[in-house]
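Shown next, in structure tokens, is the structure this report addresses.
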4 protein chains.
Amino acid sequence: MNMTSDASITRLGRQLRLGFVGGGLDSVIGNAHLIALRTDGMAQLVAGAFSINPEISRETGRSLLLDESRIYPTWREMLFGEQQRDDRIDAVVVITPPALHGEISSAFLEAGFHVLCEKPMTATAEQAESLHTDVGKSGLVFAVAHCYTGYPMVREARELVAAGAIGEVRMVEAEHAAGGPDMVREPADKSKRHWRFRESSMGKASVLGEVGSHPHNIAEYVSGRRVASVSAALRTLAAEREVYDNAYLTVEYEGGAVGRIWSSYVAAGSEHGLRFRIFGDEGSLQWRQEDPEYLWMLRPGEPAERISRGMARTSAASRAATRIAAGHPEGYLMAFANIYRDFLSAIVLHNLGEDPSPALRMLPTADDGRSTMELISSAVASHERSGAWTPLRLDWAGGRG
Amino acid sequence: MNMTSDASITRLGRQLRLGFVGGGLDSVIGNAHLIALRTDGMAQLVAGAFSINPEISRETGRSLLLDESRIYPTWREMLFGEQQRDDRIDAVVVITPPALHGEISSAFLEAGFHVLCEKPMTATAEQAESLHTDVGKSGLVFAVAHCYTGYPMVREARELVAAGAIGEVRMVEAEHAAGGPDMVREPADKSKRHWRFRESSMGKASVLGEVGSHPHNIAEYVSGRRVASVSAALRTLAAEREVYDNAYLTVEYEGGAVGRIWSSYVAAGSEHGLRFRIFGDEGSLQWRQEDPEYLWMLRPGEPAERISRGMARTSAASRAATRIAAGHPEGYLMAFANIYRDFLSAIVLHNLGEDPSPALRMLPTADDGRSTMELISSAVASHERSGAWTPLRLDWAGGRG
Amino acid sequence: MNMTSDASITRLGRQLRLGFVGGGLDSVIGNAHLIALRTDGMAQLVAGAFSINPEISRETGRSLLLDESRIYPTWREMLFGEQQRDDRIDAVVVITPPALHGEISSAFLEAGFHVLCEKPMTATAEQAESLHTDVGKSGLVFAVAHCYTGYPMVREARELVAAGAIGEVRMVEAEHAAGGPDMVREPADKSKRHWRFRESSMGKASVLGEVGSHPHNIAEYVSGRRVASVSAALRTLAAEREVYDNAYLTVEYEGGAVGRIWSSYVAAGSEHGLRFRIFGDEGSLQWRQEDPEYLWMLRPGEPAERISRGMARTSAASRAATRIAAGHPEGYLMAFANIYRDFLSAIVLHNLGEDPSPALRMLPTADDGRSTMELISSAVASHERSGAWTPLRLDWAGGRG
Amino acid sequence: MNMTSDASITRLGRQLRLGFVGGGLDSVIGNAHLIALRTDGMAQLVAGAFSINPEISRETGRSLLLDESRIYPTWREMLFGEQQRDDRIDAVVVITPPALHGEISSAFLEAGFHVLCEKPMTATAEQAESLHTDVGKSGLVFAVAHCYTGYPMVREARELVAAGAIGEVRMVEAEHAAGGPDMVREPADKSKRHWRFRESSMGKASVLGEVGSHPHNIAEYVSGRRVASVSAALRTLAAEREVYDNAYLTVEYEGGAVGRIWSSYVAAGSEHGLRFRIFGDEGSLQWRQEDPEYLWMLRPGEPAERISRGMARTSAASRAATRIAAGHPEGYLMAFANIYRDFLSAIVLHNLGEDPSPALRMLPTADDGRSTMELISSAVASHERSGAWTPLRLDWAGGRG
């Protein structure tokens with residue numbers, strides 16, 4: 001058995017200590033972070049500024065039985081407070097709205113804390129560039145919590161593509177088309193509108209960051225290629241909505257493959273809607289987040305193969321991301337836990353003075369986060385030019401990788 | 001039991017007589033036409049010019065036990081020969097390469113024969129306009145054999161959308177992404193290249209007519225809306241291929257709905273690949289040609305409904321297109337047989353001096369065929385303008401609709 | 001293209017002539033027979049005694065545009081009448097209730113007509129033995145219309161098992177668990193009870209013949225093994241029903257494999273319900289009639305393989321039973337048409353003075369039909385002995401094959 | 001958000017303390033227990049006797065960073081040691097081979113510790129009766145860790161059946177047919193045989209406890225009915241195996257419903273294989289462990305409904321067992337975590353002096369565990385009597401519930 005209290009933790013002799021900024025009782029995603037953090041016993045949550053509302057922050061911290069002195073009303077007080085402690089946190093998890101990601105992440109990195117940052121990495125391409133620079137300077141462990149890349153079969157797809165299993169990549173189809181009851185329509189009462197659908201929070205193209213960042217990230221993750229150019233059609237389809245709620249992107253990848261990225265809030269009846277299909281000249285792979293245990297490999301004229309998570313023939317990378325035998329679905333939270341396990345393993349290696357890069361190999365990076373923000377910027381430009389093809393900036397100092 | 005020898009045939013007192021142009025032993029689709037024609041016992045194939053090669057035409061006719069005098073070396077001889085006979089054919093089925101569809105159809109219509117024409121209706125928008133005019137003048141029964149519209153659950157989707165079951169239509173996703181062993185790659189031996197992949201046969205954008213006509217037609221058929229504008233990205237992805245083999249179209253419908261139409265020969269591993277999803281503001285419908293017995297209806301927050309062909313609650317139009325009880329898959333050939341049944345029923349009604357329109361209600365028309373050719377024309381124009389949105393001609397004398 | 005007007009028909013130079021006993025407008029299955037008969041253009045229906053009600057027989061014949069002189073009020077008159085004609089029928093299809101199958105089939109065989117007989121072959125084991133003997137004496141073509149054995153992927157499964165693809169067979173799970181609205185409950189009005197649910201028509205265990213004959217036949221067909229012994233539990237689960245409506249059989253095959261056969265009318269919500277799974281020591285195969293294009297092959301620790309009808313790698317036997325390319329579902333009626341094609345091909349070969357056995361290779365035989373009737377007899381005996389294991393008679397003169 | 005650090009824990013003001021007997025690094029199931037335990041932050045593992053091998057026990061405890069004084073070489077030393085401590089464990093989890101379950105559970109109960117016991121509850125019906133009595137006497141919290149009953153959609157099925165959604169229950173089909181590479185065949189090297197396949201460990205019918213306990217438990221759990229009588233056929237299908245590896249049980253429930261329970265190690269190619277279908281007179285429900293997010297409800301003549309975990313319309317009981325929104329698969333480990341959450345919640349309520357029964361409502365009990373052991377005993381008796389129907393003992397002092 002692979003006792004998931006990672007062996008490296010045994011070598012370190014203690015659990016890591018984490019703090020949350022955001023993720024309070026009023027947050028949608030906080031609980032997923034908590035479960036992911038706990039899964040392998042590698043870390044404990046010991047501090048937090050859980051909400052912009054100090055009451056909620058306090059209530060959250062108490063419900064988690066935290067030490068009162070480590071329940072902070074603001075992230076700045078948390079940053080200051082933790083710096084004073086001997087048992088200070090090892091790392092911070094940034095779970096705030098995107099507009100704050102950049103500033104908070106940079107501040108904690110500068111103070112020497114490792115950072116796990118929610119997606120999209122920032123709210124603008126400029127913020128992304130700035131944070132990307134700060135990550136590079138810090139020498140610390142930084143990752144973007146693109147949770148779906150934690151799925152073993154997404155990692156398997158990446159490994160198969162890299163190994164040439166489908167030949168040369170030609171097309172990548174990715175979509176995250178959501179359509180729950182709270183999305184397909186604006187409430188009659190304007191005061192009940194979700195911040196996600198207000199232009200003031202995230203800009204008119206927020207669908208591209210909130211939803212579209214996932215299919216873009218997963219398409220690049222699996223294909224191993226960066227989007228180079230985009231033709232975009234953005235629409236507002238729900239009456240009285242302020243922002244775009246449906247985005248069709250046609251993209252070209254470096255090297256010539258093409259693809260499409262669809263993000264939507266109005267795919268009525270869709271429960272989640274993230275999926276990809278990647279086509280090479282010898283075959284294709286398909287995966288859906290709602291059926292995540294299986295990766296389908298299709299080859300012309302051959303029986304379709306349904307590859308199960310955990311099979312002996314799967315790659316070391318995907319097997320390392322599993323905890324139980326095939327046939328026992330692991331699901332979303334274990335995928336999320338893989339993001340944590342990799343992130344925490346990298347910190348342990350860092351703390352032991354060893355090279356953290358093996359642990360980082362499958363994790364979304366600041367490069368990835370910046371790439372998404374660039375895509376959004378170019379997509380908006382394309383849309384405003386009648387869908388004309390618009391290149392992404394490829395001339396970053398650090399290159400694109 | 002619904003004895004499928006249609007009641008109208010009993011009233012007429014004889015089977016209808018059909019002739020084929022094309023569809024010989026060297027044809028891919030001829031056999032499907034034959035089985036569809038035979039299914040309900042409403043007609044007999046009695047004449048044919050089955051191939052551009054007179055030897056193949058003769059061999060085909062003999063294998064079908066036809067009267068030697070009605071096995072013709074060319075379609076012109078068939079047109080002439082049948083006109084001389086008392087027992088002349090009622091109708092002709094045009095199964096040639098698309099470049100000949102217009103000329104042959106117009107000639108038979110002019111001579112008073114009803115016409116069932118394979119898709120795409122013609123090879124160019126100009127030919128389509130011309131044939132459309134001839135159909136209008138003829139007063140005869142004409143239909144385009146878009147066989148997938150014969151599927152009961154495609155018809156059910158059309159009826160549900162028309163009845164408002166998913167609310168106001170917002171998005172239509174349609175694709176026909178094929179990728180068989182003979183498509184994903186050009187043979188090393190140039191002489192073995194399929195005519196489909198030669199620019200000389202069908203033009204560089206032939207993928208749009210050969211494959212793309214289906215998802216375009218089905219999207220319009222189900223949504224009840226015409227495409228008004230298109231942004232296109234055409235690519236040649238197989239090395240050494242002369243023509244485009246992958247086409248991404250983003251489209252806007254009259255009235256404001258949007259959608260995408262993907263046609264491909266290089267979706268490696270796909271066996272067929274025709275499917276659609278249509279989203280309204282209250283729910284959505286999904287259908288796949290490879291699993292055609294079921295139509296999925298999804299509503300936000302509700303259990304997904306899998307509606308089976310033949311259920312009592314389905315529409316009269318879809319029930320009329322079934323032959324056996326739910327649970328016994330009917331498949332592609334029975335869908336094709338529905339095209340024949342509707343076409344033949346219309347002719348019977350015409351011959352009995354009655355209004356054929358009830359029989360024509362679910363059949364693809366010359367309007368539909370022309371609409372596809374217009375889309376192709378505008379898509380090529382858009383592609384050549386960096387994907388800029390390009391309107392379709394909406395000012396036809398006869399209107400669109 | 002494989003022009004399905006079978007080449008042998010071209011050699012014979014005419015279509016075969018068929019007559020129906022039963023299958024009239026009031027019949028459930030008649031229309032399926034008609035479509036199957038027409039599919040390949042090998043035969044014409046020219047005569048019939050379509051119903052025990054002469055009015056319905058006449059109405060049926062006229063709706064089919066038959067010659068009035070060949071629409072018969074009774075099967076005996078049809079037998080007599082056809083014997084007088086030069087253009088007499090080649091074969092008869094027996095589509096009556098099971099209690100008449102034996103007598104009619106034997107009479108037509110004796111008069112020199114080939115016979116296709118609906119399932120179950122007879123109503124009792126004694127009748128089955130008698131008809132089996134008559135078939136043997138006749139030297140004519142006889143088959144039981146177990147339509148599901150016409151599915152290409154059922155034939156593929158049989159060939160794979162015979163070729164050792166799953167190793168030595170250990171278990172065979174087969175079921176036909178139906179549960180439509182008209183089955184799960186008796187109508188309040190006793191006069192509306194279906195004959196299927198009256199003890200007087202088919203005996204108390206009629207569920208075993210009407211429904212159970214299919215999973216039993218398919219299990220023996222695919223496994224290549226005969227059931228040797230049975231332990232049965234029969235139940236009447238719908239209130240006020242006279243006959244058993246749920247039958248659980250546990251069986252042992254010759255050679256030691258075991259399995260279960262479930263037949264039911266009360267599997268509420270099931271649309272059809274025929275499926276099998278067969279397990280060997282190296283893998284297993286699964287197939288469902290409601291999703292018939294695919295055969296699943298599972299091997300321990302390997303990706304599941306979904307084998308599609310029509311793939312190049314499938315057996316000659318299954319490819320010969322297909323009419324169109326993979327990706328275009330063929331469905332139930334084409335499976336049924338395969339029964340007709342094989343039956344008619346055998347007659348053509350017989351008429352040409354050649355060996356019909358190649359055409360008969362995949363068809364259910366009188367041996368198969370008798371085997372089912374023996375199973376039923378032993379199952380009832382087991383049930384009445386508290387489920388004790390009860391052998392089937394294995395000592396037939398002709399052996400069991 | 002439902003912060004899963006249960007509110008009751010906040011009221012208690014501390015995490016609960018748990019100890020493991022078994023579940024060490026050499027155990028298959030230990031890690032699933034660990035993750036389940038950690039998920040909601042309600043408890044900490046603080047002590048353990050993790051293996052019969054003291055070295056493995058020590059290594060396991062250290063890998064978990066436990067206090068050395070609480071890593072015990074034997075369960076008796078753990079029982080003694082913990083009784084001495086002020087910070088003694090609240091409860092023990094028994095993860096040993098089944099033959100030890102009864103003795104260990106009874107000893108810990110007697111010492112005042114709550115107990116979560118792995119399945120099957122014991123190795124024999126006699127042990128089950130004895131433990132059942134001890135549970136009754138103790139007044140403490142006891143549950144059997146039938147992990148699959150933790151799935152929200154299994155609980156939904158139970159609630160739907162209880163609410164009459166499918167009418168009166170008629171048939172229950174349950175199976176756990178496994179067939180992994182390590183199961184379908186005995187290794188040539190006898191020393192490598194798994195203890196599961198040795199008669200000395202678990203008796204010849206061990207397949208019924210190891211595998212069969214799950215479908216039996218889930219059938220009773222969902223149907224709300226106890227098996228009253230059984231007809232069994234047990235087989236050894238893998239060559240050279242000592243024990244039965246395939247068990248077919250036909251059962252009758254109290255009140256007259258019937259069903260089948262299939263347990264197997266030799267369903268070659270099956271990855272897990274637990275599933276159930278339950279049929280009432282108005283509809284049916286279907287669920288598969290390998291696709292656990294969905295419960296299918298089928299009604300005659302109606303569209304099939306696929307009910308998703310987490311939907312608003314699902315029962316309070318199933319919604320209480322979910323942690324994230326529909327569309328994000330939760331999988332096996334979260335089902336397991338529900339067993340822990342219910343068990344721990346009951347202890348918190350007990351510790352707070354409140355009634356624990358609301359927390360226990362969905363948990364498998366000592367009654368359930370005993371029922372399985374009775375089934376096994378009667379099944380073996382039936383098998384030895386040629387499959388004759390054999391009643392289960394229904395005359396327990398405490399009745400059957």
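Keep in mind the model is a prediction, meaning the values are calculated, not measured. Reminder, nothing fancy here: chain letters follow the sequence lines and each chain counts from 1. The figures here come from the full heavy-atom set of this structure, side chains too, leaving out hydrogens, waters and symmetry mates.
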Problem - D:N31 vs A:I324 side-chain heavy atoms within contact, under 4.5 Å - result: no

Problem - A:Q289 side chain vs D:G327 backbone, donor-acceptor pair below 3.5 Å - result: yes

Completion exercise
Sorted by chain and number, sequence neighbours left out, ring-ring contact (aromatic ring centres under 6.0 Å, His included) with A:Y151 holds for A:W287

Exercise for the section: Please report the closest heavy-atom contact between A:M334 and D:I35, naming both atoms and the distance. Expected result: CE-CG2, 4.1 Å

Exercise for the section: Please list, chain by chain and in numerical order, all residues satisfying ring-ring contact (aromatic ring centres under 6.0 Å, His included) with D:F343, sequence neighbours excluded. Expected result: none

Exercise for the section: Work out which heavy atom in A:R38 is nearest to a heavy atom in D:D40; give both atom names and the distance. Expected result: NH1-C, 3.4 Å

Practice task
Give the member of D:A335, D:A326, D:A337 that has the highest number of heavy-atom pairs under 4.5 Å with chain A.
Solution key: D:A326

Exercise for the section: Flag the pair A:E290 / D:Y294 as yes when at least one side-chain heavy-atom distance between them is below 4.5 Å, and no otherwise. Expected result: yes

Exercise for the section: Could you tell me the separation between the CD atom of A:E271 and the CZ atom of D:R309, rounded to the nearest 0.5 Å? Expected result: 9.0 Å

Fill in the blank from the handout: Counting heavy-atom pairs under 4.5 Å with chain A, the top scorer among D:H272, D:E330, D:Q15, D:H328 is D:H328

Practice task
Write down the atom of D:L65, the atom of A:T10, and the distance for their closest heavy-atom approach.
Solution key: CD2-CA, 4.3 Å

Practice task
Determine whether more than 12 heavy atoms belonging to other residues, nucleotides or ligands lie under 6.0 Å from atom CD1 of A:I52.
Solution key: no

Exercise for the section: Give, as side chain, backbone, both or neither, the part of D:E293 having an atom under 4.5 angstrom from any heavy atom of chain A. Expected result: neither

Problem - Part of D:Y148 lying under 4.5 Å from any heavy atom of chain A - result: side chain

